[in-house]
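Note that the structure is a prediction, hence the values are computed from the model and not measured.
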Amino acid sequence: MNTSRNVTKPQDPMLGRVVAGRYRLEARAGEGGMGVVYRARHVLIDRVVALKLIRPDLRGETHLRAWMLREARAANRVDHAHIIDIHDIGETEEGELYLVMEYLVGTSLSSELAKGPMPLARAVDILEQMCAALARAHDLGVVHRDLKSDNILLATRGGRKDFVKILDFGLAHLALDPRLAPKGAVFGTPEYMSPEQARGEEAGPPSDLYALGILFYEMLTGQLPFRSGDRETLLEMQRSAPAPKPTSIKPDVLPRAEAIVLKLLEKERRKRYQDAHHLHEELKALQRSLPATPWEVQQTVQENNSNVVPPPPPLQSAGVIEWANRAALFSRMVSRVYPAGNLPPDVQSALAQSWDLASRATRLEGEVATHTRKLESLERRGRALRAEIGRKVEELAHEESRALRDAASEQYEVSRLRELVQIAERAAGIAKAQADQVIPQSTNAAMLRNIYECSGAATALLEARREALRDREQKARVKDAQAKDLRKQIDELRAQLARYAEALDEDLAAGREKVTVRTREGVAFEKAFNEVSSLLLNHLRQKPEVRDLMTELFSVMHGTSMPGTASLRNNAPPPAIPESRGF
């Protein structure tokens, strides 16, 4: 006898709920450190999104709420193809903070790494995309602070495999904002944490580069450079233990790739790459040196489908337009059942309400659609301007990176020449002292000639080195001035972006509030329409003269046959009326 029972997981009570009057939660997609993520759909426009609600137990944590708000501002300001798009952010009437992001389909980098080491070309391709995104973020003052394989999604975009999207800027930090975290607090994932973060220090762009080094190491070798079951031991390893060479784990790792990894994993920030632009140049050069043979290995359909998130289902109904069709069908049914017009008052009232609600909802939908189009147009203009400013900043920052490296090279030469000048000064001083001592006492012409030549040569060498030093100092000043001018232009663009972002946020907030108020009114219409529809359906469902119209009604509403066919013949309970999906 089989005594096994089907244990079903209780359904999330949030499913079906409309958040902020605009987003209906359709499925639970996952849970992160600070929030639960749902697949949701805008109730008016056919846009599927990912909606993050802050965890219920963290609703009172004001600093975490501030982090979440900053997540949207940071990601929106960067506006890069390889960083997740943020559509909306706000707070519900119940005080719940929500974040609306693009809905992505793909596999996490952690899932791919679970299969083992990657081919070098594939690893470099993924890392180069991450690096490009971080270069833009760092240019705009945004530091991710918690890069890890779980936060990297690999999607297919336009036929391109491994299109990178960086997720969860939940711990992102805007450099110009005051710190919201307690001083000395250690945040992040220990396996990917930089030495300075492990010491409780402020994270900066070099911290993200260190995390890229961990990810590159993991992609090349199939394992992390530092592993321990104890958090404190792992943090100490990050602080002080040198990373084992990738070739000690996988001997065929290319030396040039190993050099990049080890430079990224330097314990001292100044020994890592100066910035993401410098690293990006190195990665592009490495890509050009690799064979042109594609790394992709054809997988079976089963392997491909095993990690792919299924796309969202299509809309279940045509929306508000369908309401009038339902009202018309109900009117035809009532006319058949009550040809003399002597229908009960509650049925007459419900029928009138169905027509009235359909008419009011149609008008309201038009108003909301107009507001929504204006919002979408404003968002597109804003995104285009942010992208334009971002590209300008990126170009200037790339030039600045090279100028700073050139300036550092010139400064190194200046330091070297200063040492040579000091040596030449000592040599010239010795030669002059010897001449001053010997010349008054000597009558040997050959000796005097030799002394004069040595003194003159020492003096000439000193002047030559001084001239070279002056030339190098001038070049260093030019490069330094060039870098400062570029930095000034970058700061001006960033300030312009910040001013524009604030103005745009105000306009979007005002527009979204209009949409929210009107859409909530529409949701109330929807509820009322479903109630009168249920009343009419319950009253008419058993009337044999309207069975064909009832079938037509259910076909329109749900794409299935009406009870009275198979379900009623088998004495099954009649299904509930499907809810309207107009708002």
Side-chain angles (χ1 to χ4, degrees), residues 80-83 109 117-140 142-144 147 149 152 162-164 166 192 194-196 204-221 225 242-250 252-293 295 391 393-412 479 482-483 486 490:
H80 192 275
H82 295 300
I83 294 177
L109 179 58
M118 290 183 176
L120 176 59
R122 186 185 187 194
V124 174
D125 176 52
I126 292 171
L127 194 72
E128 182 271 328
Q129 294 177 72
M130 288 190 281
C131 185
L134 288 176
R136 174 75 65 82
H138 294 168
D139 291 343
L140 296 175
V142 178
V143 181
H144 191 285
L147 280 173
S149 56
I152 308 299
D162 283 344
F163 188 88
V164 168
I166 300 180
Y192 299 88
S194 67
E196 55 271 19
S207 305
D208 283 349
L209 297 185
Y210 186 91
L212 286 186
I214 299 283
L215 288 167
F216 197 19
Y217 191 106
E218 198 173 4
M219 286 189 281
L220 292 178
T221 67
K245 291 184 177 182
T247 48
S248 67
I249 301 168
K250 199 168 181 290
D252 61 346
V253 171
L254 200 68
R256 192 169 182 179
E258 182 173 74
I260 292 175
V261 170
L262 295 178
K263 186 168 184 177
L264 285 168
L265 295 181
E266 286 283 357
K267 300 300 179 183
E268 295 183 41
R269 278 181 268 201
R270 62 181 181 84
K271 291 184 179 180
R272 297 172 210 155
Y273 286 94
Q274 178 180 286
D275 49 45
H277 292 287
H278 189 190
L279 172 61
H280 197 248
E281 287 182 12
E282 292 288 318
L283 291 173
K284 296 300 285 185
L286 176 57
Q287 278 184 318
R288 288 192 293 270
S289 70
L290 296 176
T293 306
W295 58 262
R391 283 192 294 270
V393 169
E394 185 175 346
E395 291 171 2
L396 291 171
H398 197 181
E399 292 182 36
E400 181 196 34
S401 174
R402 289 184 175 177
L404 287 171
R405 277 177 271 155
D406 290 344
S409 177
E410 295 294 344
Q411 285 294 346
Y412 173 80
K479 290 296 182 182
Q482 181 183 356
L486 289 167
I490 291 170

How close do Leu404 and Ala483 get, counting heavy atoms only, and between which atoms?
CD2-CB, 3.6 Å
Residue pairs, two or more places apart or on separate chains, that pass side-chain hydrogen bond (donor to acceptor under 3.5 Å, both in side chains) and touch residues 205-220:
His138-Asp208, Tyr192-Glu218, Ser194-Ser207, Glu196-Ser207, Tyr210-Gln238, Tyr210-Lys267
Give the intermediate values and the outcome of side-chain contact (heavy atoms from CB on, under 4.5 Å) for residues Leu147 and Ile152.
CA-CA 8 Å; Leu147 280 173; Ile152 308 299; 4.2 Å; yes
For the side chain of Gln129 and the backbone of Val164, is there at least one donor-acceptor N/O pair under 3.5 Å apart?
yes
Can you tell me how far apart CG (Leu220) and CG (Leu127) are? Round to the nearest 0.5 Å.
8.5 Å
Interatomic distance, CG@Leu254 vs CG@Leu286, rounded to 0.5 Å, equals 6.5 Å
Counting C-beta onward and ignoring hydrogens, is there a side-chain heavy-atom pair between Ile214 and Pro225 closer than 4.5 Å?
yes
Within the 4.5 Å heavy-atom criterion, are Met219 and Arg122 side-chain neighbours or not?
no
Which value, rounded to the nearest 0.5 Å, describes the distance between Leu134 atom CG and Leu212 atom CG?
5.5 Å
For the atom pair CD (Glu395) and CG (Leu486), what is the distance rounded to the nearest 0.5 Å?
11.5 Å
Mind checking side chain to side chain contact (heavy atoms under 4.5 Å, CB included) for Thr247 and listing every partner two or more places apart, or none if nothing turns up?
Lys245, Val253, Glu258
Charged N to carboxylate O below 4.0 Å: is that the case for Lys271 and Glu268?
yes
Show the nearest heavy-atom pair for residues Gln287 and Asp125, with the distance to one decimal.
NE2-CA, 3.6 Å
Nearest 0.5 Å please: distance from the CG atom of Asp139 over to the NE2 atom of His80.
9.5 Å
Donor-acceptor pair, distance only, cut-off 3.5 Å: does the side chain of Gln274 make one with the backbone of Ser401?
yes
At their closest point, which heavy atom of Gly213 faces which heavy atom of Leu265, and how far apart are they?
C-CD2, 3.7 Å
Heavy-atom nearest pair, Lys250 first then Thr221, reads CD-CA, 4.4 Å
Here's a test for you: under side-chain hydrogen bond (donor to acceptor under 3.5 Å, both in side chains), which of Gln482, Glu281, His278 qualifies with Arg402?
Glu281
When you measure from the side chain of Arg272 to the backbone of Pro206, do you find a donor-acceptor pair of N or O atoms at a distance under 3.5 Å?
yes
Step by step, would you call Arg405 with Ser409 a side chain to side chain donor-acceptor pair (under 3.5 Å)?
CA-CA 6 Å; Arg405 277 177 271 155; Ser409 177; over 6 Å; no
Salt bridge Glu410-Lys479, side-chain N to carboxylate O under 4.0 Å
no
Take the angle between the ring planes of His398 and His277 and call it parallel below 30°, perpendicular above 60°, tilted in between.
parallel
Closest non-hydrogen atom pair, Val261 against Pro246:
CG1-CG, 4.1 Å
Asp275 and Glu400, any side-chain heavy atoms less than 4.5 Å apart
no
Measuring from Ile260:CD1 to Leu279:CG, what's the distance to the nearest 0.5 Å?
7.0 Å
